[in-house]
Number of protein chains: 2
Amino acid sequence: MSAAKTKKTATNETALAEQLRAVSLRPTQQRMALADLLFGRGNSHITAEALYSDALTAGVNVSLATVYNALHTFTAKGLLREITIDSTRSYFDTNVDEHHHFYFEKSGRLEDIDHNRVKMTRLPDAPEGLSVSRIDVVIRVDG
Amino acid sequence: MSAAKTKKTATNETALAEQLRAVSLRPTQQRMALADLLFGRGNSHITAEALYSDALTAGVNVSLATVYNALHTFTAKGLLREITIDSTRSYFDTNVDEHHHFYFEKSGRLEDIDHNRVKMTRLPDAPEGLSVSRIDVVIRVDG
DNA sequence: AACAAGATTAGAATAATTCTAATGTTAGGG
DNA sequence: CCCTAACATTAGAATTATTCTAATCTTGTT
Ligand SMILES: [Mn+2]
Ligand SMILES: [Mn+2]
Ligand SMILES: [Zn+2]
Ligand SMILES: [Zn+2]
């Protein structure tokens, strides 16, 4: 590889490696490459297949099984959030802040709704002894 | 079959047949039997497998493919509502009124939240040209 | 460099759901 | 009541998303 490429990726790699180490994950080649694809651009809602396809396009040497492993590991570590809306596929969201979604029924696309654009003034109490882990609001639109 | 059974089912059948005809569906044997299992009791959230299993237990002669056909047809006709929360299975909800859900993450059970127990005082506008078909609120609890 | 822990891999396995093409049932007209 | 066309059911194969397995590689550490 060229000096230029070495330098350029070295910078990204250090930053990404930090992020992974911060959640006690080894900064392996495939994780780094996938993390770069996921967090390097503003690619918010992605399926496993789509990420796999992006990886292949980018020349990353990775298997689909590893993509699933990485997505689940990242989700478990709080770097991603899994969204289930369509029964045929899961979306992984690079936005882990509290927020909601528009779901475009026709295209299957998801769009973020900032948390403060939704205000709930009345909510039921959690059933006795249980605590709320998350509240999801999905606004389905026919597009 | 006995006279008693004939009489008893005749009553149910007429009522169920009406419901099906009302949405231009032929009141076939299996649809009637499945509708009876779905709407006869307060069985709110059910999976295809669970309904199939209920049908077998009840001695109904039906295939799993038909259960899926019926669930989707009923959903298309507005008699049921499909809920996707867990990527491994779909739930069908016999409650088609506007309402929300508690989702018990551990057991995978769903519980209704009456529509008026949630009040949203701020909501974003639908993207230009599109209309909102539904708003789903899911409160996930760790039980 | 050598080791152990952890990660990746390909491919098989699983599980939910859909499809297919043959067979059976229903509704309505004669 | 009988016919027939439209519609529904069926079994099983096919498809698709996802998970598992067991062998092979990497990584972080000594
Ligand atoms: Mn976003
Ligand atoms: Mn599936
Ligand atoms: Zn999002
Ligand atoms: Zn419900």
Side-chain angles (χ1 to χ4, degrees), chain A residues 13-14 16-37 45-53 55-56 58-77 79-80 82-92 108, chain B residues 10 13-14 16-38 45-53 55-56 58-77 79-80 82-92 108:
Chain A
E13 277 172 25
T14 351
L16 285 173
E18 290 305 306
Q19 288 205 348
L20 293 178
R21 285 213 179 82
V23 293
S24 20
L25 289 180
R26 285 189 185 169
T28 64
Q29 297 178 177
Q30 319 23 12
R31 277 181 185 161
M32 300 270 280
L34 294 174
D36 190 30
L37 288 171
H45 309 100
I46 195 165
T47 63
E49 275 295 345
L51 177 59
Y52 179 53
S53 156
L56 294 188
V60 175
N61 198 280
V62 74
S63 72
L64 181 56
T66 297
V67 170
Y68 273 106
N69 288 344
L71 288 172
H72 287 145
T73 306
F74 289 177
T75 301
K77 294 296 186 175
L79 301 179
L80 290 176
E82 186 172 0
I83 301 181
T84 308
I85 280 189
D86 177 319
S87 62
T88 69
R89 63 197 158 214
S90 286
Y91 294 84
F92 291 86
Chain B
E13 276 172 26
T14 350
L16 286 172
E18 289 306 305
Q19 288 206 349
L20 294 178
R21 286 214 177 82
V23 293
S24 18
L25 289 180
R26 285 188 184 171
T28 64
Q29 297 178 178
Q30 319 23 26
R31 278 182 186 161
M32 300 270 281
L34 294 174
D36 191 29
L37 288 171
L38 285 168
H45 309 100
I46 195 164
T47 62
E49 276 294 346
L51 177 58
Y52 179 53
S53 155
L56 293 187
V60 175
N61 198 279
V62 73
S63 72
L64 180 58
T66 297
V67 170
Y68 273 106
N69 287 344
L71 288 171
H72 287 144
T73 306
F74 289 177
T75 301
K77 294 295 186 173
L79 301 180
L80 289 176
E82 188 172 358
I83 300 182
T84 308
I85 278 187
D86 176 319
S87 62
T88 68
R89 63 196 158 213
S90 286
Y91 294 84
F92 292 86

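Keep in mind that this is a model prediction, so the values were computed, not measured.
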Worksheet entry | OP1 or OP2 of C:dT18 under 4.0 Å from side-chain N/O of B:H72 | yes
Worksheet item: B:F92 CZ to C:dA16 C1': how many Å, rounded?
Response: 11 Å
Worksheet item: Hey, mind stepping through A:L16 and A:D36 against side chain to side chain contact (heavy atoms under 4.5 Å, CB included) and telling me if it holds?
Response: CA-CA 7 Å; A:L16 285 173; A:D36 190 30; 3.6 Å; yes
Worksheet item: Can you find a pair of side-chain heavy atoms, one from B:Q19 and one from B:P27, that are under 4.5 Å apart?
Response: no
Worksheet item: Taking DNA chain D as the partner, which of residues 46-53 of chain B come within under 4.0 angstrom of it by heavy atom?
Response: none
Worksheet item: To the nearest angstrom, how far is B:L64 atom CG from C:dA15 atom C1'?
Response: 11 Å
Worksheet entry | B:T66 vs D:dT9: side-chain N/O to OP1/OP2 distance below 4.0 Å | no
Worksheet item: How close do A:T66 and A:L34 get, heavy atom to heavy atom, and via which atoms?
Response: O-CD1, 4.3 Å
Discussion item. Please report the distance, rounded to the nearest Å, between CG in B:L20 and P in C:dA27.
Written reply: 10 Å
Discussion item. Using whole Å, what does the distance between atom P of nucleotide D:dT19 and atom CG of A:N69 come to?
Written reply: 9 Å
Practice prompt. Could you walk me through whether B:L38 and B:L71 pass side chain to side chain contact (heavy atoms under 4.5 Å, CB included), step by step?
Written response: CA-CA 10 Å; B:L38 285 168; B:L71 288 171; 4.2 Å; yes
Discussion item. With heavy-atom distances below 4.5 Å as the criterion, would you say the side chains of B:F92 and B:L79 are in contact?
Written reply: no
Worksheet item: Which part of the nucleic acid, if any, lies within contact of A:S90, taking any heavy atom under 4.0 Å across all strands shown: a base, the sugar-phosphate backbone alone, or nothing?
Response: sugar-phosphate
Item to complete: May I ask you to check whether B:E82 and B:S90 show a side-chain donor-acceptor distance below 3.5 Å?
Response: yes
Worksheet item: Nearest-Å distance, CG (A:L56) to C1' (C:dA10)?
Response: 14 Å
Worksheet entry | Sugar-phosphate, base or nothing in reach of B:N61, heavy atoms under 4.0 Å | sugar-phosphate
Fill in: Rounded distance (Å) that lies between atom P of C:dT17 and atom CG of A:D86
11 Å
Worksheet item: When you look at A:T84 and B:D86, which way does the side chain to side chain contact (heavy atoms under 4.5 Å, CB included) test go after all the steps?
Response: CA-CA 6 Å; A:T84 308; B:D86 176 319; 5.8 Å; no
Worksheet entry | B:R21 vs B:R26 side-chain heavy atoms within contact, under 4.5 Å | no
Worksheet item: Do A:S24 and A:K77 pass the side chain to side chain contact (heavy atoms under 4.5 Å, CB included) test, and can you show the C-alpha distance, the side-chain angles, and the key distance before you say yes or no?
Response: CA-CA 9 Å; A:S24 20; A:K77 294 296 186 175; 4.0 Å; yes
Quick one: which protein N/O atoms are closer than 3.5 Å to N/O atoms of nucleotides 24-30 of chain D? Pair and distance per line, please.
residue: D:dG28; atom: OP1; partner: A:R21; partner atom: NH2; Å: 3.4

Item to complete: Can you tell me the distance, in whole Å, between the CG atom of B:L34 and the C1' atom of D:dT10?
Response: 14 Å
Worksheet, complete the sentence: Atom CZ of B:R89 and atom P of C:dT18 are separated, to the nearest Å, by 16 Å
Discussion item. At less than 4.0 Å, is any side-chain N or O atom of A:Y68 found next to OP1 or OP2 of D:dT19? Yes or no.
Written reply: no
